[in-house]
Amino acid sequence: MKTISLKIDGKQITAREGDNLLWVALDNGIYIPNLCAIRDKPEPMAACRLCFVEMSGQTQPVTACTETVTEGMEVNTRGTEALRLARRGFELLMASNRVDCAHCVRSGSCELQKIAHHLGTKLKSKRLRELRRDLPVDNSHPQIRYDPNRCVLCGRCVWVCQEHLKTGALGFAYRGFERVVTTFKDEPLATTRCDQCLKCVEVCPTGALLPKEKARAEARLRA
Amino acid sequence: MTPKAEAVTQDSKDEEAINRQETRLALKRFGRKRWNLIPILQKVQARLGYLPREAMVEIAAYLGIPEIDVYGVVTFYNQFRLNPPGKHSIRVCLGTACHMKGGYITLDAWKRRLDINSGETTADREFDLDTVACVGCCTMAPVTVVDNQPEGKVEPTKVDGILLAFELVREAEKKEAKQ
């Protein structure tokens, strides 16, 4: 495949033509906030609205995950307009998320904290009213603790679950604000066809899916 | 197990078997393609009145897709029901006008009286409860559509009144049956 060169934040980068802009940036050490991007997925979901960048030849910011790199392309990941959009998206996302870093074992390794830091915003916006969903925590599984209240609906777990199991246990259900990652008929995870590969726990960017021993450590933290 | 409980389990087992059979019959006319999912769901619901667990399992197996994907589509669209329809349908309007006039209070009254949530059916399958966005008679707000008949100014006391009317009809029918 043809090799091309482009500039991201002034840094000269060579990539293969047709490669995805988000992954080219990330592979070259340039961080662009993202949650729903999945490398192996042929079609990007483009749902999280966090990977906005400014690009030569475009008047409006674009999502990096839906762009392919071309020769001579110039990308600015720190443009004011792009960051404004990303911040707004993040703010809305976090308005329905139960933020409790003090009692979360993922604090420090959490993608949401990293994104907030990168965007220079707080995890919790003071402007927006908090809309909590207060969903029940699924503790049924011997290896996994699933807390949908900390889920950001990125879909990474759904993807690996369906890739690994072919007929996966996890998926999306319901619509709009009620949308949730769940199991068939919302049954407890332990009763599903889950074969305990724990790949979902690996890819979860937040503390929604935790291995049991970490969840137990967290419970001790809370006590 | 009490004889009554046994009878109930037997009943639900029979129903499950019928549902499975009906679903398989409905599936025959469709190709095993993922894009047939919604037409299949519509067909099965037309036959059974709702989409029971066993029907969704059959459909997923037929199309070779995860059961959760079938569930995702069923819960996404308002047209699909997860619970059997009741003898009487209760539709509480939550449109703008009804919302302003306390439609949520009316809905709560129905939920409390019937002891079910929105989208569910009572255990005796007498009533099913759901919400609608607007039925177009906003002057009567808050509106509840009872068996396709819009009822206006449905305050919680009127909820009791409507249920009492159904109760009286049922009692009268019982008496007649005895005679």
Side-chain angles (χ1 to χ4, degrees), chain A residues 36 38 41-43 45 47 131 133-136 138 140-141 144 146 148 151 153-197 199-200 203-204 208-209, chain B residues 12 15-16 19-20 23 32-35 37-38 40-41 44-45 48 50-84 94-95 99 104 107-108 111 116-121 129-133:
Chain A
C36 70
I38 294 157
K41 203 172 177 205
E43 283 280 309
M45 272 220 293
L131 270 175
R133 299 192 293 172
D134 291 322
L135 297 163
D138 185 348
S140 66
H141 197 279
I144 304 167
Y146 172 49
C151 174
L153 301 175
C154 67
R156 291 187 196 176
C157 55
V158 174
W159 170 260
V160 292
C161 190
Q162 309 228 341
E163 278 295 284
H164 173 74
L165 285 173
K166 292 305 163 206
T167 52
L170 288 172
F172 288 109
Y174 302 94
R175 179 164 35 115
F177 187 66
E178 270 100 49
R179 195 151 179 85
V180 66
V181 169
T182 186
T183 54
F184 179 57
K185 285 291 250 172
D186 304 316
E187 281 159 2
L189 254 181
T191 63
T192 62
R193 64 177 84 232
C194 169
D195 70 349
Q196 313 193 356
C197 73
K199 287 202 165 89
C200 56
V203 296
C204 182
L209 286 160
Chain B
S12 63
E15 191 179 356
E16 194 186 311
N19 286 342
R20 273 186 192 277
T23 307
R32 292 174 189 259
K33 296 285 182 219
R34 202 190 168 103
W35 56 76
L37 177 58
I38 289 175
I40 287 172
L41 290 171
V44 172
Q45 181 162 289
L48 302 176
Y50 73 116
L51 293 161
R53 187 184 200 283
E54 54 274 16
M56 289 192 279
V57 171
E58 287 288 328
I59 294 166
Y62 185 81
L63 296 177
I65 62 174
E67 288 161 4
I68 172 69
D69 282 11
V70 176
Y71 186 62
V73 170
V74 170
T75 53
F76 186 90
Y77 293 104
N78 270 344
Q79 61 173 308
F80 296 123
R81 299 184 52 91
L82 285 164
N83 291 301
L94 291 179
H99 174 84
Y104 277 97
L107 178 63
D108 279 342
K111 281 184 189 171
I116 50 171
N117 267 316
S118 177
E120 293 179 356
T121 308
L129 180 64
D130 217 333
T131 58
V132 284

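Chain identifiers are assigned alphabetically (A, B, ...) following the order of the sequence lines, protein sequences preceding nucleic acid strands; residue numbering begins at 1 within each chain.
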* **Worked verdict on A:Glu178 versus B:Thr75 for side chain to side chain contact (heavy atoms under 4.5 Å, CB included)** => CA-CA 10 Å; A:Glu178 270 100 49; B:Thr75 53; over 6 Å; no
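- In this structure, the separation between CZ on B:Arg53 and CD on A:Glu187 is 4.0 Å, given to the nearest 0.5 Å.
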* Output, in order, the C-alpha distance, side-chain angles, deciding distance and verdict of side chain to side chain contact (heavy atoms under 4.5 Å, CB included) for B:Ile68 and A:Thr182. => CA-CA 8 Å; B:Ile68 172 69; A:Thr182 186; 4.1 Å; yes
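- Remark: B:Glu120 pairs with no residue by the salt bridge (Lys or Arg N to Asp or Glu O under 4.0 Å) rule, at least two apart or across chains.
- Both the backbone and the side chain of A:Tyr174 come within less than 4.5 Å of a heavy atom in chain B.
- Distance check, rounded to the nearest 0.5 Å: CG of A:Asp186 to OH of B:Tyr71 gives 3.0 Å.
- Within 6.0 Å of the CD atom in A:Glu43, the count of heavy atoms belonging to other residues, nucleotides or ligands does not exceed 12.
- For A:Arg175, the side-chain contact (heavy atoms from CB on, under 4.5 Å) partners at least two apart in sequence or on another chain are B:Phe76, B:Asn78.
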